[in-house]
Amino acid sequence: MEFSNQELLAEAVRIGDQLLEESQVDRNGRYWLTVNQVGTEIHWEAETSLYNGVSGIALFLLTLYQQTQEERFRNAAWEGLQWVEQQKPRENDTLAFLTGKLSVPFAWLRSYQILEDDYALSRANKHVSQLLPDQVPDTVAEYINGISGTVVGLLHLHHATQNEQILRTLDQYVAQLLATVHCHQTGLYWDRSSQNVHGLCGFSHGASGVGYTFLELGHYFQNPAFFWLAEQAFSYERAYYNSEAKNWPDFRMSLLTEEDEQTFQKAYQQGKLDFFTRGTDMNAWCHGAAGIGLSRLRAYEQLGKLVYFDEAVAATEKTKITDLNSLVPATCTLCHGRGGNADLFLEAFRVLRDSRYQLMAQGVAQRALHTWQQKGLYRSGTRYEGEDRSLFNGIAGIGYFYLRVLSPRQVPSVLAPQLTATYPSVLNADEYPHLALSAAEVQEQLLEKRFPRTVHLIRDLNHGQDLVNDASLTSLPLYRRSYWQDFALRQANQLPVNFRAGVIDVWRLEDSRAALDEQIKSDALLLFKQRQKAVDAERLLSLDKPALMREVLQLDPDITLQTTSWNWSQHTTESWVNNLQEDESDHTVLLIPTSLGIREQSLNAFGQTILEAFIDEKTVAEGMQIVKSQVADPITSLRVEELMLKQIRAAINVGLLIDPTKHPLQVTVATQYHTNIQETR
């Protein structure tokens, strides 16, 4: 069944009138109760955010007024903003753009843009000034709840208000994004978690959302360094694109309940590698093609590269399958429903100027309205089976989607808002050092993050000279190991002969560490290996000596023994340079994978001998015999046995020695490190 534009508009008006009927009024203004889902529990609360609160409903009503000029919607929205203004932020509220405190000034900003009321702009400016922190809090980078979304909101507010305080906060947020980035062979990602397979792909919680933020930063400040960072985020996701599923995987493991814990533990014990590594095929704004496509459309619009056109088209094809061709029932909400997914079609129509995409969005809207006519309600985007009222999980968002379909150029995306303007002047690098970063400076920061000792050593030996000073190099992701190998060798060869060996030695260690980190098949898999190790240790350490001697143990095959010619474990740049004044000697470092990265642990010669005895699985008695055979003086043999048992128990306790029968899965492909880099003496 097809519906006319008039019928779609009439439905948006009906939703608006329903919201007016279901609103409540107190001395502060007008508000709505919306669904708040905590775990599996449903609560109805009055909140302030765009995502789930009064600000979001007011935004829909303002947009409805814009399209209809019906004063009741304008008045209700204004009363909602008055109510929001009187609410005190909760202690756990973040500054997040969609789900936190920045919702309020952004809603006032949209009121100003729609109503052209200077009072609304003054309220937006006042609120954002009151909210900006002196120090940026340590929080996640993701778009929906974290720093990157906040940056997008602040960019819009700065353009409208020209508030310099916003620039100072933006500078701090960019610094935080660079400080929390993770470098990978394939690109950049953020928010690593032991409950995911890998760093997430996707707009709401993954690399696309952060990449989109860097696109907006690059556009507003006309800074190529931010475009380069955005492209590295998209490059990371590109490596995981599944051509069979026509989608980017959702790497969340949904580890929420005690029952989930038991399921995961059982899967680990049964050696089900796919359980921990496969990801799932979800398509929504938050995870999957629909949201990722929004970032690629913006990248194509800003950068004009065909790779982003191709990825955007692939995302629309996947979304066409899931939201137009599929018969599977789904919600029509913005966050993870068909209304939000169709935002991709509307943006494709705007950017690519292809009317087919507008027809696709209209098809989704027609389907949503037909579902409402059949069922008499719009299913919420939460576990609640009835209707919610919110912008992202309820009928306000569905109404907003209808208005977007009717007027896609006039009604902007709330999922991925874009700036058309640019900053009118050149930023002062002394005042805003991170907003004014050059591409070369960004490269050097990433190099230093991934290879800190090598970078410090080369820089210090070159008397503080910048490593990356050739503009042609900035087109290459130098933090990637394959590029860094040649670059490090070239840098080392420029040093005096007696320093070259030291630079290459520390580079080998740090490159080995980076390589091992990239061989982790799943962070969640590693988490459950660590938990099984704790169970093993409790059992093994409870055994008396005779029983322990019969146990079969093995050095965890995911751990690498790395030999260096100097001790690089000190944590000051002065000590790293001072190393080169000493003679070469063997030092051993354990590279230990953890669910949050690789941990280094120095090892003395005796500890190394013990662990090497258990590279292949054997009983404790057999391993101790191998070690004792290497003790030349038989008089000290008994004392060595006591020390060995003590060391073995310590190694069990920290998970270096494990019961191999309890660990059927290897988390990494951990092999002894070799390099093809040649030292030039």
Can you check whether [X] reaches [Y] side chain to side chain, under 4.5 Å on heavy atoms?
X    : Y    : result
L19  : W32  : yes
F97  : I144 : no
F234 : I292 : no
E347 : R298 : no
L419 : H156 : yes

Please check: side-chain N/O of [X] versus main-chain N/O of [Y], any donor-acceptor pairing under 3.5 Å?
X    : Y    : value
Q66  : I114 : no
N196 : G199 : no
N247 : P249 : no
S49  : G100 : no
R379 : Y384 : yes
Y402 : E11  : no
Q418 : A416 : yes
R404 : V411 : yes
S23  : L20  : yes
S204 : H287 : no

What are the two closest heavy atoms between [X] and [Y], and how far apart are they?
X    : Y    : result
R389 : A396 : O-CB, 3.2 Å
G293 : A312 : O-CB, 4.4 Å
G279 : V197 : N-CG2, 4.5 Å
A315 : A289 : CB-O, 3.3 Å
A314 : Y241 : CB-OH, 4.0 Å

Y189 vs Y236, test: ring pair (Phe, Tyr, Trp, His ring centres under 6.0 Å). Steps then yes/no.
CA-CA 7 Å; Y189 68 97; Y236 171 79; 4.8 Å; yes
Working note: F345 + V364, criterion side chain to side chain contact (heavy atoms under 4.5 Å, CB included); need CA distance, chi angles, decisive distance, verdict.
CA-CA 10 Å; F345 298 142; V364 174; 4.0 Å; yes
How about [X]: does its [atom1] atom have over 12 heavy atoms from other parts shown lying under 6.0 Å from it?
X    : atom1 : answer
Q374 : CD    : yes
R356 : CZ    : no
E7   : CD    : yes
Q69  : CD    : yes
Y112 : OH    : no

Enter the distance from [X]:[atom1] to [Y]:[atom2] here, rounded to the nearest 0.5 Å.
X    : Y    : atom1 : atom2 : value
I166 : H159 : CD1   : NE2   : 12.0 Å
N52  : F392 : CG    : CZ    : 10.5 Å
L102 : T94  : CG    : OG1   : 9.5 Å
S55  : K101 : OG    : NZ    : 14.0 Å
M360 : L324 : CE    : CG    : 7.0 Å
E85  : Q87  : CD    : CD    : 10.5 Å

Check whether the side chains of [X] and [Y] place a donor and an acceptor atom closer than 3.5 Å, and report yes or no.
X    : Y    : result
E301 : Y308 : no
Q24  : Y31  : yes
S193 : R252 : no
T382 : N393 : no
Q176 : Q172 : no
D260 : T257 : yes
E237 : S208 : yes
N283 : T319 : yes

Taking 4.0 angstrom as the limit, do E317 and K246 come out as a salt bridge?
no
Lys/Arg N to Asp/Glu carboxylate O, R367 vs E2, below 4.0 Å:
no
Residues E142, V210; criterion side chain to side chain contact (heavy atoms under 4.5 Å, CB included); working and verdict
CA-CA 6 Å; E142 67 171 43; V210 186; 5.7 Å; no
Parallel, tilted or perpendicular: which one describes the rings of Y423 and H158, with boundaries at 30° and 60°?
tilted
On the 0 to 90° scale, with breaks at 30° and 60°, tag the Y212-F203 ring pair as parallel, tilted or perpendicular.
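Y212 vs F203 ring planes: tilted.
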Would you verify whether the NZ or CZ of R110 falls within 45 degrees of the ring axis of W108 while also being under 6.0 Å from that six-membered ring's centre?
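So R110 doesn't make the cation-pi contact.
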Candidate pair F309 and V351, rule side chain to side chain contact (heavy atoms under 4.5 Å, CB included), full reasoning
CA-CA 10 Å; F309 173 85; V351 174; over 6 Å; no
Output, in order, the C-alpha distance, side-chain angles, deciding distance and verdict of side-chain hydrogen bond (donor to acceptor under 3.5 Å, both in side chains) for Q37 and H43.
CA-CA 6 Å; Q37 180 178 312; H43 306 278; over 6 Å; no
Can you list everything that forms a side chain to side chain donor-acceptor pair (under 3.5 Å) with N125? Sequence neighbours excluded, please.
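If we apply the side chain to side chain donor-acceptor pair (under 3.5 Å) test to N125, skipping adjacent residues, the hits are N163.
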Quick one, N28 with Q82, criterion side-chain hydrogen bond (donor to acceptor under 3.5 Å, both in side chains). Give me CA distance, side-chain angles, the key distance, then yes/no.
CA-CA 7 Å; N28 294 321; Q82 296 290 342; over 6 Å; no
Apply side-chain hydrogen bond (donor to acceptor under 3.5 Å, both in side chains) to Q366 and Q362, showing your working.
CA-CA 6 Å; Q366 307 244 4; Q362 290 171 350; 5.7 Å; no
Exactly one candidate in F251, W190, W248 meets ring pair (Phe, Tyr, Trp, His ring centres under 6.0 Å) with H198; the answer is F251
